[in-house]
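In what follows, a single structure is set out as C-alpha cells and then discussed.
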Amino acid sequence: MATRWGICGAGNISHDFCVALKTLSHEDHQIVAVAARSLESAEKFAKTHGIPKAYGSYQELVKDPNIDVLYIGVLHTHHLQVGLLFLNAGKNVLCEKPFAMNLREVRQLVSAARENNVFLMEAVWSRCFPVYAEVGRLLSESAVGQVKMVKVYFGLPLLDRERATQKEQGGGALMYIGIYCLQFALMVFKGERPESIHATAVLLPSGVDESMVVVLKFSGNRMAVCACTIACDLPNDATICGSKGMIRVAHPMHCPTILELNGKKTEFPLPEPGLPLNFHNSTGLRYEAEEVRRCLLKGLKESIKMSLTDSELLIEIMDEARRQVGVVYEQDSQ
C-alpha cells in the first residue's frame with residue numbers, strides 16, 4: 001500500500017516536497033490532502049499538485065482519517081504548536097528543520113511523539129542523500145584514516161529576505177542555514193557530544209546573526225569548524241580531513257550530488273522535476289520521503305539517519321552558540 005501524505009503549509013518548501021514526491025512511484029507515495037491558513041491558498045496549492053482534498057485549517061487536516069504521515073512545511077516559529085497538534089492526535093510527523101526554536105521546544109515534540117507512540121523525524125533532508133550514505137561508508141572503512149578536522153561552509157546573500165533577517169520569524173544565519181553545517185559535523189563524529197563549543201558572530205540590527213563561526217572540539221583532538229552567513233556566498237562545501245586523505249562533499253553540501261575522495265569525483269545525479277522548483281536540488285527531498293516510508297513499514301518511531309537524539313544534540317549546540325553571541329528569541333523566555 002502507498003504511504004498517504006498530508007501536507008501542512010502551502011509555501012515554497014511544501015511545493016518542492018510535493019514535486020519531489022511525484023518523482024517516486026505512485027504505488028508507494030500519494031499526497032491525499034493539504035492544509036493552509038486559508039482555504040483559498042490550500043485550494044490553489046491542491047490544484048497545482050493534483051491533491052484531492054484541501055483544508056483551510058490545520059485542525060481539519062488532523063481529523064482526516066486517510067493520512068498516514070503529515071509533513072510540516074510551515075515557518076519554524078510555528079513548529080511546536082502545529083507539531084503538538086498533530087502528535088497529540090496520534091499522527092506520524094515529518095517536520096521541517098529547524099525542528100523548533102530551542103531545546104525546550106524540541107523536547108516537548110519528542111515527548112509528545114513518545115507519549116503517543118507515533119513516528120517523528122526532523123526533516124534534515126541532507127542526511128538521506130546518497131552522497132551522505134557514501135560518506136558514512138567511507139568513514140566506516142577508514143578511507144581517510146583517522147579524522148582530525150571537519151570544515152563546513154554555507155553562505156548565501158539573503159539580507160533582502162525577511163524570513164532570514166527578522167527575529168520574529170526565527171531568522172539568523174545559524175537557524176536558517178548554519179544548521180546544515182552543524183548537522184554535517186555531528187554526522188561525521190557519529191552524534192558524539194563535543195567537549196567544547198566556541199561561537200563568534202556578527203549581528204544585524206534586528207538582533208539575529210548575519211554571520212557565525214562555530215568551532216567544536218571533540219574527544220581525541222578532533223575538531224570541526226562551521227561557518228555560515230546570510231550576507232554573501234561561501235564555498236558551500238564540506239571537507240573531512242583525515243590522517244590518510246580527504247573527503248569533500250562538493251557544493252551544495254546540504255543537497256549534494258558530487259563526492260570527492262582524494263580528488264577523485266563520483267556523481268549521484270538527481271531526477272528532473274515535473275514543475276519548477278524554489279530551492280536548489282529539491283527533487284532530493286524524495287530521499288527523506290523514502291526514509292519515512294521505510295520506517296513506517298517497519299513500525300519504527302524514529303529514523304536512524306536523523307534520530308531524535310541527534311535532533312536534541314543539534315539544537316542544544318545551536319542554543320549554546322546563540323547564548324555565546326547574544327541571539328535571543330521570544331521563545332527562549334517562555
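Small disclaimer: the values here were computed from a predicted structure and weren't measured. FYI, side chains are in, hydrogens and waters are out, and symmetry mates aren't considered; it's all heavy atoms of this structure.
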- Message: Working note: L120 + N92, criterion side chain to side chain contact (heavy atoms under 4.5 Å, CB included); need CA distance, chi angles, decisive distance, verdict.
- Response: CA-CA 6 Å; L120 177 63; N92 300 306; over 6 Å; no
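- Contact between M187 and V135 at its shortest, heavy atoms only, is CE-CG1, 3.9 Å.
- With respect to E288 and R127, no salt bridge is recorded, no charged nitrogen being found less than 4.0 Å from a carboxylate O.
- Of the options M318, K217, E316, E320, a side chain to side chain contact (heavy atoms under 4.5 Å, CB included) to I197 is made by E320 and by none of the others.
- N12 approaches F279 most closely through the heavy-atom pair CB-CE1, 3.8 Å.
- Taking a 6.0 Å sphere around CD of E27, one finds it holds 12 or fewer heavy atoms contributed by other residues, nucleotides or ligands.
- A tilted orientation is assigned to the rings of F218 and F189, their planes being inclined by 30° to 60°.
- A salt bridge does not link K305 with E122: every distance from a Lys NZ or Arg NE/NH1/NH2 to an Asp or Glu carboxylate oxygen is 4.0 Å or more.
- Listed here is the closest heavy atom pair of V93 and I72: CG1-CD1, 3.6 Å.
- Between D233 and P157 there is a side-chain heavy-atom pair separated by less than 4.5 Å.
- Using modelled atom types, no side-chain atom of H280 and backbone atom of P252 make a donor-acceptor pair closer than 3.5 Å.
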- Task: Kindly determine whether W5 and V292 satisfy side chain to side chain contact (heavy atoms under 4.5 Å, CB included), including the steps that lead there.
- Result: CA-CA 11 Å; W5 290 88; V292 170; 3.8 Å; yes
- side chain to side chain donor-acceptor pair (under 3.5 Å) between Y329 and E168, intermediate numbers included: CA-CA 8 Å; Y329 297 111; E168 298 76 27; over 6 Å; no
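- A donor-acceptor contact shorter than 3.5 Å links the side chain of T48 to the backbone of K44.
- Proximity of a side-chain donor or acceptor of D28 to a complementary backbone N or O of A2 within less than 3.5 Å is not detected.
- Between S140 and R137 the shortest heavy-atom distance is OG-O, 2.6 Å.
- Put simply, the side chain of N281 never gets that close to the backbone of G284: no donor and acceptor are under 3.5 Å apart.
- Residues Q81 and Y58 bring no donor and acceptor atom of their side chains to less than 3.5 Å of each other.
- Ring geometry, F154 versus Y180: the interplanar angle falls from 30° to 60°, so the pair is classed tilted.
- Looking only at distances, a side-chain donor or acceptor of D64 sits under 3.5 Å from a matching main-chain atom of N66.
- H49 and F45 have tilted rings, their planes meeting at an angle from 30° to 60° on a 0 to 90° scale.
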- Message: Could you go through V131 and T257, starting from their C-alpha distance and side-chain angles, then the distance that decides it, and tell me whether this counts as side chain to side chain contact (heavy atoms under 4.5 Å, CB included)?
- Response: CA-CA 6 Å; V131 166; T257 58; 5.5 Å; no
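- A salt bridge does not link E43 with K47: none of the charged nitrogens is closer than 4.0 Å to a carboxylate oxygen.
- By the 6.0 Å contact criterion, CD on E330 is open, its count of non-hydrogen atoms from other residues, nucleotides or ligands being 12 or less.
- With hydrogens and angles ignored, the 3.5 Å screen pairs no side-chain donor or acceptor of S307 with any backbone N or O of S303.
- Between the CD atom of E195 and the OG atom of S219 there is a distance of 5.5 Å, given to the nearest 0.5 Å.
- Of the charged side-chain nitrogens involved, at least one lies within less than 4.0 Å of a carboxylate oxygen, so that R294 and E291 count as a salt-bridged pair.
- Taking every heavy atom of both residues into account, C18 and I7 meet most closely at SG-CG1, 3.8 Å.
- Atom CG of L87 and atom SG of C95 lie 8.5 Å apart (nearest 0.5 Å).
- Atoms SG and CZ, on C241 and R248 in that order, are 11.5 Å from each other to the nearest 0.5 Å.
- No side-chain heavy atom of D209 sits less than 4.5 Å from a side-chain heavy atom of L204.
- A distance of 11.0 Å separates CZ in F17 from OG in S282, rounded to the nearest 0.5 Å.
- Within 6.0 Å of CD in E267 there are 12 or fewer heavy atoms belonging to other residues, nucleotides or ligands.
- No close placement of the Y287 and Y132 rings is indicated, their centers lying 6.0 Å or farther apart.
- Using a cutoff of 4.0 Å between basic side-chain nitrogens and carboxylate oxygens, E290 and R293 are not scored as salt-bridged.
- Note that the CG atom of L138 and the CD atom of E134 stand 4.5 Å from one another [nearest 0.5 Å].
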- Message: Test side chain to side chain contact (heavy atoms under 4.5 Å, CB included) on L314 and M306; report intermediate values, then the result.
- Response: CA-CA 10 Å; L314 178 58; M306 189 65 200; 4.0 Å; yes
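- No donor-acceptor pair closer than 3.5 Å links the side chain of T77 to the backbone N or O of Q169.
- Here the straight-line distance linking atom CE of M253 with atom CD1 of I258 works out to 14.5 Å at 0.5 Å rounding.
- Between R322 and D332 there is a salt bridge, since a side-chain N of the basic residue sits under 4.0 Å from a carboxylate O of the acidic one.
- Shortest non-hydrogen contact noted between A46 and A54 is CB-CB, 4.1 Å.
- Judged by distance alone, with hydrogens and angles left aside, the side-chain atoms of H79 form a donor-acceptor pair with the main-chain N or O of V74 at under 3.5 Å.
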- Between Q108 and S111, is a side chain to side chain donor-acceptor pair (under 3.5 Å) present by the stated rule, with each step listed? CA-CA 5 Å; Q108 284 182 260; S111 294; over 6 Å; no
